[in-house]
Amino acid sequence: MVLWLLARAYGSDLPRRLIYVVDRRVVVDQATEEAERLRANLDQSPELKRRLGMDNEDRLAISTLRGSHHDNREWLMDPAAPAIIVGTIDMIGSRLLFSGYGVSHRMRPYHAGLLGADALVLLDEAHLVPPFESLLASIENGAQKFGTRKKSGQAVIPRFRALSLSATGRSRNGDAFRLTDGDIPDVAQRIYARKHLAFSDARDKDLAQALTE
């Protein structure tokens, strides 16, 4: 999220909407908290706001789309403003397929349009959902199939981009982020570092709460 925001601020042509998708509700909530911290820091930087095309009183739009969580609809207010949308596979995927859960028939094309254009989708834990990863790849590479029928209009529609994140991903074509020989010493230092175990007495606490802490 930080890299996307800074890249946008300093002239990158990355899409203006960042969509972070993961098939774990608890990670969705954690990602939302990170986005909110990022927004709080951004509020202290008028220069970054100016670079992003925002007025000083504007706030970065942040919305969470997951079951049992109310969509604040900030991401729908201004299609020209940068926004971070965090959500689960079903909530984001259903909207991309014009069948958003809890979305009226009239609003479904609007949701699909904002998520399917000028959007960068980060699919975390991609190895858990290969069908959804394939769907994103089809949308990203399917301008001829899903875009306007007029070739002259295809360049007008801002690009949809997808980026899969996985520590255990499958082999795939194209360049991938990998460790280089220069990284090995630092990685080895972390892997072979001595680990220490600390004991904490939780007898006076609720077990579930203690484990969460």
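Along the sequence shown, residues are numbered consecutively beginning with 1. Bear in mind that the values here come from a model prediction, so they are computed numbers and not experimental data.
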Is the number of heavy atoms from other residues, nucleotides or ligands within 6.0 Å of CD (Glu47) greater than 12? yes
Taking [X] for the side chain and [Y] for the main chain, is one N or O donor matched with an acceptor at less than 3.5 Å?
{"X": "Thr64", "Y": "Thr32", "answer": "no"}
{"X": "Asp71", "Y": "Leu65", "answer": "no"}
{"X": "Lys49", "Y": "Asn56", "answer": "yes"}
{"X": "Asp124", "Y": "Tyr20", "answer": "no"}

Gap between atom [atom2] of [Y] and atom [atom1] of [X] - 0.5 Å precision:
{"X": "Met77", "Y": "Ser63", "atom1": "CE", "atom2": "OG", "answer": "8.0 Å"}
{"X": "Glu133", "Y": "Ser138", "atom1": "CD", "atom2": "OG", "answer": "10.5 Å"}
{"X": "Phe98", "Y": "Met107", "atom1": "CZ", "atom2": "CE", "answer": "13.0 Å"}
{"X": "Leu48", "Y": "Asn41", "atom1": "CG", "atom2": "CG", "answer": "10.0 Å"}
{"X": "Arg50", "Y": "Asp58", "atom1": "CZ", "atom2": "CG", "answer": "14.0 Å"}
{"X": "Ser104", "Y": "His111", "atom1": "OG", "atom2": "NE2", "answer": "7.0 Å"}

Given the rule that I, L, V, M, F, W and Y join up when any side-chain heavy atoms are under 4.5 Å apart, are [X] and [Y] in one cluster?
{"X": "Val21", "Y": "Ile84", "answer": "no"}
{"X": "Ile85", "Y": "Val121", "answer": "yes"}
{"X": "Val26", "Y": "Val129", "answer": "no"}
{"X": "Val2", "Y": "Ile19", "answer": "no"}
{"X": "Leu120", "Y": "Leu3", "answer": "no"}

Taking all non-hydrogen atoms of both residues into account, name the closest pair between [X] and [Y] and its distance.
{"X": "Ala83", "Y": "Trp4", "value": "O-CH2, 3.6 Å"}
{"X": "Leu114", "Y": "Ala119", "value": "O-CB, 4.0 Å"}
{"X": "Ala7", "Y": "Leu14", "value": "CB-CD1, 3.7 Å"}
{"X": "Arg95", "Y": "Ala112", "value": "O-CB, 3.2 Å"}
{"X": "Met54", "Y": "Leu60", "value": "CE-N, 3.5 Å"}
{"X": "Tyr110", "Y": "Leu76", "value": "OH-O, 3.2 Å"}

Is any side-chain heavy atom of [X] closer than 4.5 Å to a side-chain heavy atom of [Y]?
{"X": "Phe160", "Y": "Arg17", "answer": "no"}
{"X": "Arg159", "Y": "Glu140", "answer": "yes"}
{"X": "Met91", "Y": "Val28", "answer": "no"}
{"X": "Leu42", "Y": "Leu52", "answer": "yes"}

Is Arg16 paired with Asp78 through a side-chain N to carboxylate O contact shorter than 4.0 Å? no
Between Glu74 and Arg59, does any NZ, NE, NH1 or NH2 come within less than 4.0 Å of an OD or OE carboxylate oxygen? no
Between the side chains of Asp183 and Thr180, does any donor sit under 3.5 Å from an acceptor? yes
Could you please spell out the steps behind the side-chain contact (heavy atoms from CB on, under 4.5 Å) verdict for Asp23 and Phe132? CA-CA 10 Å; Asp23 200 23; Phe132 187 68; over 6 Å; no
Quickly, which of Leu163, Val22, Leu135, Ile89 forms a side chain to side chain contact (heavy atoms under 4.5 Å, CB included) with Leu123? Name it, please. Ile89
Report the C-alpha distance between Leu122 and Met1 in whole Å, list the side-chain angles of each, state the deciding distance to 0.1 Å, and finish with yes or no for side-chain contact (heavy atoms from CB on, under 4.5 Å). CA-CA 10 Å; Leu122 299 181; Met1 293 180 186; 5.8 Å; no
